[in-house]
Amino acid sequence: MKIFAVGMNYAAHCRELHPDKPLPTEPVIFLKPDSALLKDSNPFFLPNFSERIEYETELVVRINRLGKCIPERFASRYYDAATVGIDLTARDLQQKLAEAGNPWEISKGFDGAAVIGDFVSVEQLRDIRQQSFRLDIDGKTVQEGNTSDMIFGVNRIISYISHFFTLKMGDLLYTGTPAGVGPVHIGQHLEGFLGDKKVLNFYVR
């Protein structure tokens, strides 16, 4: 199983982190190892190598068939379910590595850094191109977004990725985070929602 993720896919988030940089003209893709996956409402344990772990709430889709060089117009056939996930990021480590011109995968791919909720069939969603989602921490909404604000939509991303990587059943795609990222702290209770349906539920330890 491969875990794909998209960086800088919402204009407001791009301005939030990199106000002086232009918006991307192609999807910004990185991968997380399968050991980063955190599921089944298991707790996330803060690691000792970072002073600032931040949440990035995202729509995640699940690939349901083998695909290579997929035309965008057919990409919707290659995923069957969606959920809310959190791309946890060691922000201080990422910034340090980026400033040195070094790869920053360890700031995104550490154990537990790909939190995943319960999947909902795309047939149960009104329209994945206009899907709202949000994150609550301790009962307060801290981040919310809508896929209509993506720079690159789900189908465009899948088509793009498939020209470099063969997609396989069970692969996951984290589609990018809107503005509003922030730190997590021990004891917090995080809940993710697709529309009004809660699909993600875990604690920080």
Side-chain angles (χ1 to χ4, degrees), residues 1-7 9-10 13 16-17 30-64 79-94 104-122 124-125 128 131-147 150 154 170-205:
M1 182 196 71
K2 300 183 292 298
I3 302 173
F4 298 100
V6 184
N9 199 26
Y10 287 80
H13 177 59
E16 176 181 51
L17 292 187
F30 61 96
L31 287 89
K32 292 175 178 261
D34 57 8
S35 55
L37 201 63
L38 183 69
K39 57 183 181 178
D40 300 328
S41 298
N42 287 322
F44 171 71
F45 292 91
L46 283 176
N48 60 10
F49 53 75
S50 174
E51 297 297 323
R52 188 177 179 88
I53 300 293
E54 292 190 347
Y55 59 80
E56 296 189 6
T57 312
E58 314 196 3
L59 180 91
V60 182
V61 297
R62 182 179 66 197
I63 302 300
N64 67 337
Y79 57 93
D80 63 351
T83 189
V84 170
I86 299 181
D87 168 21
L88 289 170
T89 303
R91 191 70 69 197
D92 51 351
L93 184 56
Q94 183 189 40
W104 41 258
E105 279 82 358
I106 59 174
S107 70
K108 290 275 194 177
F110 55 89
D111 290 352
V115 190
I116 196 75
D118 298 325
F119 280 95
V120 176
S121 168
V122 292
Q124 299 179 39
L125 303 177
I128 203 165
Q131 179 61 54
S132 63
F133 59 96
R134 75 176 198 269
L135 174 68
D136 290 0
I137 297 182
D138 296 333
K140 179 182 178 181
T141 298
V142 296
Q143 190 179 21
E144 52 189 333
N146 193 293
T147 56
M150 286 180 173
V154 174
D171 287 349
L172 302 177
L173 171 59
Y174 284 65
T175 59
T177 193
V181 303
V184 297
H185 303 285
I186 290 176
Q188 288 181 327
H189 181 204
L190 281 69
E191 298 172 287
F193 296 81
L194 268 182
D196 294 326
K197 183 178 179 61
K198 184 165 73 173
V199 294
L200 180 70
N201 179 34
F202 71 103
Y203 286 85
V204 179
R205 301 300 189 197

Asks: What residue among I106, T89, D92 forms side-chain contact (heavy atoms from CB on, under 4.5 Å) with S50?
Replies: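 It is D92; the other options fail the test.
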Asks: Write down the atom of P178, the atom of G145, and the distance for their closest heavy-atom approach.
Replies: CG-CA, 3.9 Å
Asks: If you look at every heavy atom in A82 and L125, which pair is closest and at what distance?
Replies: CB-CD1, 3.9 Å
Asks: Determine whether L46 and I53 make a side-chain contact, defined as any pair of heavy atoms from C-beta on separated by less than 4.5 Å.
Replies: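 Yes, side chains in contact.
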Asks: For the backbone of V60 and the side chain of Y79, can you confirm whether one donor and one acceptor N or O come within less than 3.5 Å of each other?
Replies: no
Asks: Which heavy atom of F133 sits nearest to which heavy atom of N146, and what is that distance?
Replies: CE2-N, 4.0 Å
Asks: Counting only N and O atoms by type, is there a donor-acceptor contact under 3.5 Å from the side chain of E16 to the main-chain atoms of G180?
Replies: yes
Asks: What closest approach, in Å, do V61 and F119 show between heavy atoms, and which atom pair accounts for it?
Replies: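 Closest approach of V61 to F119: C-CE2, 4.3 Å.
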Asks: Using a strict threshold of under 4.0 Å (side-chain N to carboxylate O), is an ion pair present between D87 and K32?
Replies: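 Yes, K32 and D87 are salt-bridged.
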Asks: Counting only N and O atoms by type, is there a donor-acceptor contact under 3.5 Å from the side chain of T175 to the main-chain atoms of L59?
Replies: yes
Asks: Determine, step by step, whether Q143 and T57 satisfy the side-chain hydrogen bond (donor to acceptor under 3.5 Å, both in side chains) criterion, reporting the C-alpha distance in whole Å, the side-chain angles of both residues, the deciding distance to 0.1 Å, and the verdict.
Replies: CA-CA 7 Å; Q143 190 179 21; T57 312; 2.7 Å; yes
Asks: Is a donor from one side chain sitting under 3.5 angstrom from an acceptor on the other, for N201 and H189?
Replies: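 The answer is yes; a qualifying pair exists.
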Asks: Does some side-chain heavy atom of M1 sit less than 4.5 Å from a side-chain heavy atom of L172?
Replies: yes
Asks: Taking all heavy atoms of L88 and all of Y55, pick out the closest pair and write down the distance.
Replies: CD2-CA, 4.0 Å
Asks: Between T83 and L200, is any pair of side-chain heavy atoms under 4.5 Å apart?
Replies: no
Asks: May I ask you to decide if K2's main-chain N or O and D171's side chain share a donor-acceptor pair within less than 3.5 Å?
Replies: yes
Asks: If we only count heavy atoms from C-beta on, is the Q188 to Y203 side-chain gap below 4.5 Å?
Replies: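 With C-beta onward as the side chain, the pair stays apart.
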Asks: Drop me the distance from S107's OG to E54's CD, to the nearest 0.5 angstrom.
Replies: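 Reported value, rounded in 0.5 Å steps: 11.0 Å.
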Asks: Got a donor-acceptor contact below 3.5 angstrom from the D80 side chain to the N64 backbone?
Replies: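 Such a contact is absent between D80 side chain and N64 backbone.
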Asks: Answer whether the closest heavy-atom distance between the side chains of F202 and I86 falls below 4.5 Å.
Replies: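 Yes. Closest side-chain heavy atoms under 4.5 Å.
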Asks: Looking only at atom types and distance, does a side-chain atom of T147 sit under 3.5 Å from a main-chain N or O of I128, one as donor and one as acceptor?
Replies: yes
Asks: Indicate yes or no: at least one non-hydrogen side-chain atom of L135 is less than 4.5 angstrom from one of E56.
Replies: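 Answer no - side chains too far apart.
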Asks: CZ of R134 to CZ of F193: how many Å apart, nearest 0.5 Å?
Replies: 4.5 Å
Asks: Are any of the side-chain heavy atoms of I63 and F4 separated by less than 4.5 Å?
Replies: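 When only atoms from C-beta onward are counted, F4 and I63 do not touch, as no gap falls below 4.5 Å.
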Asks: NZ/K140 to CD/E191 distance, rounded to the nearest 0.5 angstrom?
Replies: 15.0 Å
Asks: Under a 4.5 Å cut-off applied to non-hydrogen side-chain atoms, are R91 and V181 in contact?
Replies: yes
Asks: Does any N or O in the side chain of T177 come within less than 3.5 Å of the main-chain N or O of E58, such that one atom is a donor and the other an acceptor?
Replies: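 No, T177 side chain to E58 backbone: no donor-acceptor pair under 3.5 Å.
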Asks: List the atom of I3, the atom of A114, and the distance in Å for their closest heavy-atom pair.
Replies: CD1-CB, 4.3 Å
